[in-house]
Student: 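Pasting in a structure now, in C-alpha coordinates, and then I'll have a few things to ask.
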There are 2 protein chains.
Amino acid sequence: MGLREAKMERTRRFIAESAFDLFVAQGYDDTTIEQIAAAAEVGTRTLYRYYATKEALVVSFVQNGLDAAMEAFLAQPDEAPLPEALHAVIGSVEQTIGANSARLLALYEIFDKTTGLRAGLADLCWSWRRRLAQEILRREGGTGDVLFAALTAASTMNVIEVVVQTWTSDGGRADVADITRETLELLHTKTIPFPAAG
Amino acid sequence: MGLREAKMERTRRFIAESAFDLFVAQGYDDTTIEQIAAAAEVGTRTLYRYYATKEALVVSFVQNGLDAAMEAFLAQPDEAPLPEALHAVIGSVEQTIGANSARLLALYEIFDKTTGLRAGLADLCWSWRRRLAQEILRREGGTGDVLFAALTAASTMNVIEVVVQTWTSDGGRADVADITRETLELLHTKTIPFPAAG
DNA sequence: TGCCACATGACAGCCACTGCCACATGACAC
DNA sequence: GTGTCATGTGGCAGTGGCTGTCATGTGGCA
(Lines give C-alpha, C1' and ligand atoms only; values in the text may rest on other atoms or scores of the structure.)
Protein backbone atom coordinates (compact mmCIF):
# COMPACT_ATOMS: atom_id res chain seq x y z
CA MET A 1 0.00 0.00 0.00
CA GLY A 2 1.42 3.34 -1.04
CA LEU A 3 1.87 6.34 1.17
CA ARG A 4 -1.11 7.93 -0.52
CA GLU A 5 -3.63 5.19 0.26
CA ALA A 6 -2.37 4.86 3.80
CA LYS A 7 -2.96 8.53 4.42
CA MET A 8 -6.44 8.33 2.93
CA GLU A 9 -7.28 5.38 5.15
CA ARG A 10 -6.10 7.34 8.17
CA THR A 11 -8.14 10.35 7.08
CA ARG A 12 -11.19 8.16 6.58
CA ARG A 13 -10.93 6.77 10.07
CA PHE A 14 -10.19 10.17 11.60
CA ILE A 15 -13.28 11.69 10.02
CA ALA A 16 -15.52 8.96 11.44
CA GLU A 17 -13.90 9.26 14.87
CA SER A 18 -14.29 13.02 14.92
CA ALA A 19 -17.92 12.77 13.86
CA PHE A 20 -18.60 10.11 16.48
CA ASP A 21 -17.10 12.21 19.25
CA LEU A 22 -19.13 15.24 18.24
CA PHE A 23 -22.34 13.22 18.02
CA VAL A 24 -21.77 11.85 21.49
CA ALA A 25 -20.90 15.27 22.89
CA GLN A 26 -23.66 17.40 21.39
CA GLY A 27 -26.07 15.08 19.58
CA TYR A 28 -26.49 14.12 15.95
CA ASP A 29 -28.92 16.81 14.83
CA ASP A 30 -27.07 19.62 16.54
CA THR A 31 -23.81 18.72 14.83
CA THR A 32 -23.21 20.22 11.40
CA ILE A 33 -21.07 18.80 8.64
CA GLU A 34 -18.92 21.91 8.85
CA GLN A 35 -18.15 21.22 12.49
CA ILE A 36 -17.19 17.64 11.71
CA ALA A 37 -15.03 18.71 8.81
CA ALA A 38 -13.32 21.29 11.00
CA ALA A 39 -12.72 18.75 13.77
CA ALA A 40 -11.33 16.28 11.23
CA GLU A 41 -9.21 19.03 9.67
CA VAL A 42 -10.57 18.58 6.15
CA GLY A 43 -12.80 20.62 3.89
CA THR A 44 -16.47 19.73 3.78
CA ARG A 45 -16.12 18.79 0.13
CA THR A 46 -13.42 16.31 1.01
CA LEU A 47 -15.53 14.84 3.78
CA TYR A 48 -18.26 14.07 1.29
CA ARG A 49 -15.76 12.15 -0.84
CA TYR A 50 -15.23 9.77 2.07
CA TYR A 51 -18.80 9.56 3.35
CA ALA A 52 -21.66 10.18 0.96
CA THR A 53 -24.11 11.35 3.62
CA LYS A 54 -24.16 12.51 7.21
CA GLU A 55 -26.02 9.35 8.10
CA ALA A 56 -23.22 7.23 6.68
CA LEU A 57 -20.90 8.68 9.33
CA VAL A 58 -22.92 6.91 12.03
CA VAL A 59 -24.07 3.89 10.11
CA SER A 60 -20.53 3.01 9.00
CA PHE A 61 -19.75 1.64 12.45
CA VAL A 62 -22.64 -0.81 12.33
CA GLN A 63 -21.80 -1.59 8.73
CA ASN A 64 -18.29 -2.61 9.71
CA GLY A 65 -19.68 -5.09 12.21
CA LEU A 66 -22.17 -6.53 9.73
CA ASP A 67 -19.48 -6.74 7.05
CA ALA A 68 -17.36 -8.81 9.40
CA ALA A 69 -20.32 -11.09 10.13
CA MET A 70 -20.94 -11.60 6.42
CA GLU A 71 -17.28 -12.42 5.87
CA ALA A 72 -17.44 -14.97 8.67
CA PHE A 73 -20.34 -16.62 6.88
CA LEU A 74 -18.60 -16.62 3.52
CA ALA A 75 -15.44 -18.03 5.12
CA GLN A 76 -17.34 -21.22 5.93
CA PRO A 77 -16.92 -23.89 3.25
CA ASP A 78 -20.02 -24.56 1.16
CA GLU A 79 -19.95 -28.15 2.35
CA ALA A 80 -20.39 -27.18 5.98
CA PRO A 81 -23.93 -27.58 7.34
CA LEU A 82 -25.93 -24.39 7.14
CA PRO A 83 -26.59 -24.09 10.90
CA GLU A 84 -22.85 -24.22 11.44
CA ALA A 85 -22.23 -21.42 8.96
CA LEU A 86 -24.94 -19.35 10.61
CA HIS A 87 -23.36 -20.01 13.97
CA ALA A 88 -20.18 -18.45 12.62
CA VAL A 89 -22.19 -15.32 11.92
CA ILE A 90 -23.45 -15.16 15.49
CA GLY A 91 -19.91 -15.80 16.70
CA SER A 92 -18.64 -12.86 14.69
CA VAL A 93 -21.27 -10.62 16.18
CA GLU A 94 -20.34 -11.77 19.67
CA GLN A 95 -16.73 -10.94 18.94
CA THR A 96 -17.59 -7.52 17.54
CA ILE A 97 -19.63 -6.68 20.62
CA GLY A 98 -16.85 -7.87 22.92
CA ALA A 99 -14.21 -5.85 21.12
CA ASN A 100 -16.18 -2.59 20.90
CA SER A 101 -18.47 -2.62 23.91
CA ALA A 102 -17.94 0.97 24.99
CA ARG A 103 -18.34 2.38 21.51
CA LEU A 104 -21.40 0.26 20.80
CA LEU A 105 -23.18 1.51 23.87
CA ALA A 106 -22.53 5.11 22.91
CA LEU A 107 -23.56 4.36 19.34
CA TYR A 108 -26.91 2.91 20.31
CA GLU A 109 -27.52 5.87 22.54
CA ILE A 110 -27.12 8.10 19.50
CA PHE A 111 -29.55 5.96 17.52
CA ASP A 112 -31.95 6.07 20.42
CA LYS A 113 -31.95 9.83 20.71
CA THR A 114 -32.17 10.46 16.97
CA THR A 115 -35.33 9.07 15.43
CA GLY A 116 -34.21 10.19 11.98
CA LEU A 117 -31.39 7.66 12.05
CA ARG A 118 -33.68 4.67 12.41
CA ALA A 119 -34.36 4.53 8.69
CA GLY A 120 -30.68 4.28 7.82
CA LEU A 121 -30.21 1.49 10.34
CA ALA A 122 -33.29 -0.36 9.12
CA ASP A 123 -32.07 -0.05 5.55
CA LEU A 124 -28.66 -1.41 6.50
CA CYS A 125 -30.16 -4.44 8.22
CA TRP A 126 -32.51 -4.94 5.30
CA SER A 127 -29.65 -4.96 2.76
CA TRP A 128 -27.59 -7.30 4.88
CA ARG A 129 -30.49 -9.68 5.32
CA ARG A 130 -31.13 -9.65 1.59
CA ARG A 131 -27.48 -10.35 0.90
CA LEU A 132 -27.43 -13.24 3.36
CA ALA A 133 -30.53 -14.71 1.73
CA GLN A 134 -28.77 -14.58 -1.63
CA GLU A 135 -25.70 -16.33 -0.25
CA ILE A 136 -27.80 -19.02 1.40
CA LEU A 137 -29.55 -19.58 -1.88
CA ARG A 138 -26.18 -19.87 -3.61
CA ARG A 139 -24.93 -22.38 -1.04
CA GLU A 140 -27.97 -24.54 -1.51
CA GLY A 141 -27.10 -24.81 -5.16
CA GLY A 142 -29.28 -22.02 -6.48
CA THR A 143 -32.22 -24.37 -6.83
CA GLY A 144 -33.61 -23.85 -3.34
CA ASP A 145 -36.74 -21.86 -2.79
CA VAL A 146 -36.55 -18.15 -2.21
CA LEU A 147 -38.84 -18.10 0.80
CA PHE A 148 -36.73 -20.59 2.73
CA ALA A 149 -33.63 -18.47 2.20
CA ALA A 150 -35.46 -15.27 3.09
CA LEU A 151 -36.88 -16.74 6.29
CA THR A 152 -33.56 -18.18 7.36
CA ALA A 153 -31.82 -14.88 6.77
CA ALA A 154 -34.57 -13.04 8.62
CA SER A 155 -34.28 -15.36 11.58
CA THR A 156 -30.54 -14.85 11.72
CA MET A 157 -30.92 -11.09 11.56
CA ASN A 158 -33.53 -11.39 14.28
CA VAL A 159 -31.20 -13.23 16.59
CA ILE A 160 -28.60 -10.52 16.08
CA GLU A 161 -31.14 -7.79 16.77
CA VAL A 162 -32.47 -9.46 19.89
CA VAL A 163 -29.00 -10.18 21.24
CA VAL A 164 -27.77 -6.64 20.65
CA GLN A 165 -31.00 -5.18 21.99
CA THR A 166 -30.84 -7.32 25.13
CA TRP A 167 -27.19 -6.55 25.65
CA THR A 168 -27.50 -2.79 25.21
CA SER A 169 -30.69 -2.42 27.23
CA ASP A 170 -28.81 -4.06 30.07
CA GLY A 171 -26.13 -1.40 29.78
CA GLY A 172 -23.63 -3.90 28.46
CA ARG A 173 -23.15 -5.51 31.85
CA ALA A 174 -24.32 -9.01 30.97
CA ASP A 175 -22.06 -11.51 29.27
CA VAL A 176 -22.73 -11.64 25.55
CA ALA A 177 -22.10 -15.37 25.42
CA ASP A 178 -24.81 -15.97 28.00
CA ILE A 179 -27.32 -13.87 26.05
CA THR A 180 -26.67 -15.61 22.76
CA ARG A 181 -26.82 -19.04 24.36
CA GLU A 182 -30.18 -18.28 25.95
CA THR A 183 -31.47 -16.76 22.73
CA LEU A 184 -30.44 -19.73 20.62
CA GLU A 185 -31.93 -22.12 23.15
CA LEU A 186 -35.23 -20.28 22.91
CA LEU A 187 -35.09 -20.71 19.16
CA HIS A 188 -35.22 -24.48 19.58
CA THR A 189 -37.96 -24.65 22.16
CA LYS A 190 -40.58 -22.66 20.27
CA THR A 191 -41.95 -23.07 16.77
CA ILE A 192 -43.40 -20.26 14.73
CA PRO A 193 -47.20 -20.49 14.40
CA PHE A 194 -47.37 -20.15 10.64
CA PRO A 195 -50.88 -19.47 9.35
CA ALA A 196 -52.41 -22.30 7.35
CA ALA A 197 -52.42 -22.11 3.58
CA GLY A 198 -55.75 -20.92 2.22
CA MET B 1 -67.38 15.61 10.63
CA GLY B 2 -67.44 19.33 10.06
CA LEU B 3 -66.95 21.14 6.77
CA ARG B 4 -63.45 22.05 7.85
CA GLU B 5 -62.21 18.53 8.53
CA ALA B 6 -63.79 17.24 5.35
CA LYS B 7 -61.95 19.82 3.28
CA MET B 8 -58.68 19.01 5.01
CA GLU B 9 -59.14 15.32 4.34
CA ARG B 10 -59.79 16.10 0.67
CA THR B 11 -56.71 18.33 0.54
CA ARG B 12 -54.64 15.64 2.19
CA ARG B 13 -55.64 13.09 -0.40
CA PHE B 14 -55.24 15.51 -3.29
CA ILE B 15 -51.69 16.35 -2.25
CA ALA B 16 -50.70 12.68 -2.18
CA GLU B 17 -52.39 12.05 -5.53
CA SER B 18 -50.67 15.03 -7.14
CA ALA B 19 -47.31 13.96 -5.79
CA PHE B 20 -47.84 10.40 -6.95
CA ASP B 21 -48.71 11.52 -10.47
CA LEU B 22 -45.64 13.74 -10.68
CA PHE B 23 -43.38 11.00 -9.34
CA VAL B 24 -44.68 8.60 -11.95
CA ALA B 25 -44.37 11.16 -14.73
CA GLN B 26 -40.92 12.58 -14.05
CA GLY B 27 -39.36 10.56 -11.25
CA TYR B 28 -39.03 11.15 -7.52
CA ASP B 29 -35.71 12.97 -7.45
CA ASP B 30 -36.58 15.26 -10.33
CA THR B 31 -39.78 16.41 -8.68
CA THR B 32 -39.52 19.31 -6.26
CA ILE B 33 -41.80 20.06 -3.36
CA GLU B 34 -42.72 23.33 -5.05
CA GLN B 35 -43.98 21.47 -8.11
CA ILE B 36 -46.08 19.17 -5.96
CA ALA B 37 -47.49 22.08 -3.98
CA ALA B 38 -48.33 23.90 -7.21
CA ALA B 39 -50.03 20.82 -8.66
CA ALA B 40 -52.00 20.34 -5.46
CA GLU B 41 -52.85 24.06 -5.39
CA VAL B 42 -51.45 24.68 -1.92
CA GLY B 43 -48.48 26.54 -0.55
CA THR B 44 -45.34 24.54 0.22
CA ARG B 45 -45.72 25.50 3.87
CA THR B 46 -49.18 23.99 3.93
CA LEU B 47 -47.98 20.83 2.23
CA TYR B 48 -45.51 20.27 5.03
CA ARG B 49 -48.34 20.48 7.54
CA TYR B 50 -49.92 17.44 5.90
CA TYR B 51 -46.80 15.45 5.15
CA ALA B 52 -43.70 15.94 7.26
CA THR B 53 -41.23 14.92 4.56
CA LYS B 54 -41.07 14.35 0.84
CA GLU B 55 -40.55 10.66 1.53
CA ALA B 56 -43.79 10.51 3.47
CA LEU B 57 -45.65 11.40 0.28
CA VAL B 58 -44.62 8.08 -1.24
CA VAL B 59 -44.47 5.96 1.87
CA SER B 60 -47.98 6.97 2.96
CA PHE B 61 -49.49 4.65 0.36
CA VAL B 62 -47.67 1.63 1.74
CA GLN B 63 -48.42 2.81 5.23
CA ASN B 64 -52.14 2.81 4.52
CA GLY B 65 -51.93 -0.83 3.42
CA LEU B 66 -49.93 -1.84 6.48
CA ASP B 67 -52.28 0.07 8.75
CA ALA B 68 -55.20 -1.89 7.35
CA ALA B 69 -53.32 -5.14 7.90
CA MET B 70 -52.62 -4.21 11.51
CA GLU B 71 -56.27 -3.36 12.06
CA ALA B 72 -57.26 -6.73 10.62
CA PHE B 73 -55.01 -8.36 13.19
CA LEU B 74 -56.35 -6.30 16.06
CA ALA B 75 -59.92 -7.03 14.95
CA GLN B 76 -59.38 -10.70 15.75
CA PRO B 77 -60.49 -11.63 19.27
CA ASP B 78 -57.68 -12.39 21.68
CA GLU B 79 -59.12 -15.86 22.15
CA ALA B 80 -58.67 -16.80 18.50
CA PRO B 81 -55.63 -18.96 17.77
CA LEU B 82 -52.60 -16.92 16.74
CA PRO B 83 -52.19 -18.52 13.30
CA GLU B 84 -55.76 -17.52 12.52
CA ALA B 85 -55.13 -13.92 13.52
CA LEU B 86 -52.00 -13.86 11.40
CA HIS B 87 -53.97 -15.27 8.51
CA ALA B 88 -56.28 -12.27 8.78
CA VAL B 89 -53.22 -10.08 8.26
CA ILE B 90 -52.29 -11.92 5.08
CA GLY B 91 -55.89 -11.72 3.96
CA SER B 92 -55.90 -7.97 4.40
CA VAL B 93 -52.73 -7.67 2.33
CA GLU B 94 -54.31 -9.79 -0.40
CA GLN B 95 -57.31 -7.50 -0.40
CA THR B 96 -55.17 -4.36 -0.52
CA ILE B 97 -53.23 -5.69 -3.48
CA GLY B 98 -56.40 -6.67 -5.29
CA ALA B 99 -58.01 -3.30 -4.75
CA ASN B 100 -54.99 -1.19 -5.76
CA SER B 101 -53.12 -3.30 -8.28
CA ALA B 102 -52.40 -0.58 -10.82
CA ARG B 103 -51.26 1.93 -8.24
CA LEU B 104 -49.13 -0.63 -6.42
CA LEU B 105 -47.26 -1.53 -9.58
CA ALA B 106 -46.51 2.12 -10.32
CA LEU B 107 -45.54 2.63 -6.69
CA TYR B 108 -43.02 -0.17 -6.65
CA GLU B 109 -41.55 1.12 -9.87
CA ILE B 110 -40.88 4.41 -8.11
CA PHE B 111 -39.24 2.59 -5.21
CA ASP B 112 -37.19 0.60 -7.67
CA LYS B 113 -35.87 3.62 -9.53
CA THR B 114 -35.15 5.64 -6.41
CA THR B 115 -32.57 4.00 -4.18
CA GLY B 116 -32.93 6.79 -1.64
CA LEU B 117 -36.45 5.67 -0.85
CA ARG B 118 -35.43 2.20 0.27
CA ALA B 119 -34.55 3.44 3.73
CA GLY B 120 -37.98 4.90 4.30
CA LEU B 121 -39.63 1.68 3.22
CA ALA B 122 -37.32 -0.45 5.33
CA ASP B 123 -38.06 1.77 8.30
CA LEU B 124 -41.80 1.46 7.76
CA CYS B 125 -41.62 -2.34 7.62
CA TRP B 126 -39.40 -2.31 10.66
CA SER B 127 -41.83 -0.24 12.70
CA TRP B 128 -44.77 -2.35 11.62
CA ARG B 129 -42.97 -5.55 12.50
CA ARG B 130 -42.05 -4.16 15.89
CA ARG B 131 -45.64 -3.16 16.51
CA LEU B 132 -46.90 -6.58 15.51
CA ALA B 133 -44.41 -8.22 17.86
CA GLN B 134 -45.74 -6.05 20.69
CA GLU B 135 -49.33 -6.98 19.94
CA ILE B 136 -48.46 -10.68 19.75
CA LEU B 137 -46.76 -10.38 23.11
CA ARG B 138 -49.84 -8.67 24.52
CA ARG B 139 -52.14 -11.40 23.16
CA GLU B 140 -50.05 -14.08 24.78
CA GLY B 141 -50.66 -12.42 28.10
CA GLY B 142 -47.53 -10.33 28.24
CA THR B 143 -45.61 -13.13 29.88
CA GLY B 144 -44.41 -14.76 26.66
CA ASP B 145 -40.84 -14.44 25.54
CA VAL B 146 -39.73 -11.55 23.38
CA LEU B 147 -37.83 -13.64 20.87
CA PHE B 148 -40.85 -15.74 20.01
CA ALA B 149 -42.93 -12.65 19.31
CA ALA B 150 -40.14 -11.04 17.29
CA LEU B 151 -39.62 -14.14 15.17
CA THR B 152 -43.31 -14.60 14.54
CA ALA B 153 -43.70 -10.96 13.51
CA ALA B 154 -40.63 -11.22 11.31
CA SER B 155 -41.98 -14.32 9.60
CA THR B 156 -45.28 -12.60 8.93
CA MET B 157 -43.55 -9.54 7.52
CA ASN B 158 -41.46 -11.89 5.42
CA VAL B 159 -44.48 -13.56 3.93
CA ILE B 160 -45.89 -10.17 3.00
CA GLU B 161 -42.59 -9.10 1.44
CA VAL B 162 -42.22 -12.29 -0.56
CA VAL B 163 -45.82 -12.22 -1.75
CA VAL B 164 -45.65 -8.58 -2.84
CA GLN B 165 -42.23 -9.10 -4.38
CA THR B 166 -43.38 -12.15 -6.32
CA TRP B 167 -46.55 -10.43 -7.44
CA THR B 168 -44.87 -7.22 -8.60
CA SER B 169 -41.93 -8.92 -10.31
CA ASP B 170 -44.51 -10.82 -12.32
CA GLY B 171 -46.02 -7.54 -13.43
CA GLY B 172 -49.14 -8.15 -11.38
CA ARG B 173 -50.45 -10.75 -13.79
CA ALA B 174 -50.54 -13.72 -11.42
CA ASP B 175 -53.40 -14.25 -9.00
CA VAL B 176 -52.51 -13.02 -5.54
CA ALA B 177 -54.45 -15.84 -3.90
CA ASP B 178 -52.33 -18.40 -5.74
CA ILE B 179 -49.10 -16.74 -4.67
CA THR B 180 -50.06 -16.54 -1.01
CA ARG B 181 -51.28 -20.14 -0.99
CA GLU B 182 -48.00 -21.38 -2.44
CA THR B 183 -46.01 -19.19 -0.08
CA LEU B 184 -47.86 -20.41 2.99
CA GLU B 185 -47.54 -24.01 1.85
CA LEU B 186 -43.80 -23.57 1.57
CA LEU B 187 -43.77 -22.29 5.12
CA HIS B 188 -45.03 -25.65 6.36
CA THR B 189 -42.76 -27.87 4.32
CA LYS B 190 -39.46 -26.34 5.42
CA THR B 191 -38.05 -25.68 8.85
CA ILE B 192 -35.51 -23.00 9.61
CA PRO B 193 -32.04 -24.42 10.33
CA PHE B 194 -31.44 -22.60 13.60
CA PRO B 195 -27.82 -22.71 14.73
CA ALA B 196 -27.23 -24.77 17.87
CA ALA B 197 -26.86 -23.02 21.19
CA GLY B 198 -23.21 -22.57 22.15
C1' DT C 1 13.73 16.53 -11.97
C1' DG C 2 9.72 16.81 -14.61
C1' DC C 3 5.36 15.02 -15.65
C1' DC C 4 0.99 12.91 -14.56
C1' DA C 5 -2.74 11.33 -11.85
C1' DC C 6 -5.36 12.42 -8.35
C1' DA C 7 -6.65 14.19 -3.67
C1' DT C 8 -7.98 18.55 -1.86
C1' DG C 9 -10.77 22.56 -0.78
C1' DA C 10 -13.08 26.78 -1.92
C1' DC C 11 -17.09 28.81 -4.03
C1' DA C 12 -21.61 29.10 -5.85
C1' DG C 13 -25.83 27.03 -6.00
C1' DC C 14 -30.02 23.71 -5.36
C1' DC C 15 -33.46 22.10 -2.56
C1' DA C 16 -35.66 19.93 1.56
C1' DC C 17 -37.25 21.70 5.59
C1' DT C 18 -38.36 25.23 9.58
C1' DG C 19 -39.79 29.40 12.43
C1' DC C 20 -42.35 33.27 12.22
C1' DC C 21 -46.01 36.27 11.21
C1' DA C 22 -49.92 38.32 8.78
C1' DC C 23 -54.17 36.92 6.76
C1' DA C 24 -58.35 34.35 5.70
C1' DT C 25 -61.92 31.26 6.80
C1' DG C 26 -64.86 27.81 9.20
C1' DA C 27 -67.27 27.27 13.83
C1' DC C 28 -70.08 28.96 17.33
C1' DA C 29 -72.70 32.08 20.44
C1' DC C 30 -75.97 35.64 20.46
C1' DG D 1 -76.95 37.92 10.32
C1' DT D 2 -73.02 39.43 12.99
C1' DG D 3 -69.15 39.52 15.99
C1' DT D 4 -65.61 36.74 17.90
C1' DC D 5 -62.50 33.10 18.40
C1' DA D 6 -59.90 29.16 16.94
C1' DT D 7 -57.49 27.47 13.41
C1' DG D 8 -55.92 26.51 8.62
C1' DT D 9 -53.09 28.93 5.05
C1' DG D 10 -49.15 30.85 2.72
C1' DG D 11 -45.35 34.01 2.09
C1' DC D 12 -40.65 35.02 3.43
C1' DA D 13 -36.32 34.58 5.22
C1' DG D 14 -33.04 31.43 6.81
C1' DT D 15 -30.54 26.88 7.93
C1' DG D 16 -28.11 23.04 6.49
C1' DG D 17 -27.28 18.82 3.70
C1' DC D 18 -25.47 17.92 -0.62
C1' DT D 19 -23.46 18.71 -5.61
C1' DG D 20 -20.84 20.50 -9.84
C1' DT D 21 -16.96 22.82 -11.03
C1' DC D 22 -12.42 24.40 -11.05
C1' DA D 23 -7.90 25.97 -9.41
C1' DT D 24 -4.30 24.24 -6.48
C1' DG D 25 -1.22 21.13 -4.17
C1' DT D 26 0.93 16.64 -3.44
C1' DG D 27 2.35 11.59 -4.00
C1' DG D 28 4.02 8.37 -7.57
C1' DC D 29 6.79 7.22 -11.25
C1' DA D 30 9.87 7.55 -15.29
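Numbered from 1 within each chain, the chains take letters A, B, ... in sequence-line order.
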Student: Check whether any side-chain N or O of B/T189 sits under 3.5 Å from a backbone N or O of B/L186 as a donor-acceptor pair, and report yes or no.
Tutor: yes

Student: Fit a plane to each ring of B/H188 and A/F194, take the angle between them on a 0 to 90° scale, and name the class: parallel (under 30°), tilted (30 to 60°) or perpendicular (over 60°).
Tutor: perpendicular

Student: Can you check whether B/R10's main-chain N or O pairs, donor with acceptor, with B/R13's side chain at less than 3.5 Å?
Tutor: no

Student: Could you write out DNA chain D as dot-bracket? Rules: Watson-Crick or G-U wobble, both distances under 3.5 Å, brackets [ ] for crossings, | for pairs with another strand, dot for unpaired.
Tutor: ||||||||||||||||||||||||||||||

Student: Report the C-alpha distance between B/F14 and B/V42 in whole Å, list the side-chain angles of each, state the deciding distance to 0.1 Å, and finish with yes or no for side chain to side chain contact (heavy atoms under 4.5 Å, CB included).
Tutor: CA-CA 10 Å; B/F14 191 48; B/V42 294; over 6 Å; no

Student: Does A/Y50 reach a base, just sugar-phosphate, or nothing at all? Heavy atoms under 4.0 Å.
Tutor: sugar-phosphate

Student: Can you measure A/D30 atom CG to D/dG16 atom P for me and round it to whole angstrom units?
Tutor: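 To the nearest whole Å, that distance equals 10 Å.
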
Student: Roughly how many Å is it from CE in B/M8 to P in D/dG8, rounded to a whole number?
Tutor: 5 Å

Student: Starting from P on C/dT8, measure out to CZ on A/F14 and report it in whole angstrom.
Tutor: 14 Å

Student: Counting only N and O atoms by type, is there a donor-acceptor contact under 3.5 Å from the side chain of A/Q35 to the main-chain atoms of A/T32?
Tutor: yes

Student: Expressed in angstrom and rounded to an integer, what is the separation of B/R4 atom CZ from D/dT9 atom C1'?
Tutor: 10 Å

Student: Is the backbone of B/A153 close enough, under 3.5 Å, to the side chain of B/R130 for a donor and an acceptor to pair up by distance?
Tutor: no

Student: Between B/R10 (CZ) and C/dT25 (P), how many Å, whole number?
Tutor: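 From B/R10 CZ to C/dT25 P: 15 Å.
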
Student: How many Å lie between CD on B/E9 and C1' on D/dT7, as a whole number?
Tutor: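 For the pair B/E9 CD and D/dT7 C1', the rounded distance is 17 Å.
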
Student: Between A/E55 (CD) and D/dG16 (C1'), how many Å, whole number?
Tutor: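 It is 15 Å, rounded to the nearest whole Å.
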
Student: Does the A/T114 side chain pair with the main chain of A/L117, one donor and one acceptor, at a distance under 3.5 Å?
Tutor: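 No, the answer is negative, given that no donor and acceptor are paired below the 3.5 Å cut-off.
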
Student: I'd like to know if the side chain of A/N100 and the backbone of A/L104 have a donor-acceptor N/O pair within less than 3.5 Å.
Tutor: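 Judged by distance alone, no pair lies under 3.5 Å.
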
Student: Could you state the atom-to-atom distance from NZ of A/K7 to C1' of D/dG27 in whole Å?
Tutor: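 Answer to the nearest Å: 9 Å.
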
Student: Between the main-chain N or O of A/K54 and the side-chain N or O of A/Y48, is there a donor-acceptor pair closer than 3.5 Å?
Tutor: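 Not a single qualifying donor-acceptor pair exists.
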
Student: How would you summarise protein contacts on nucleotides 9-16 of chain C per nucleotide, using B for base, S for sugar-phosphate only and - for none, with heavy-atom distances below 4.0 Å?
Tutor: BB-----S

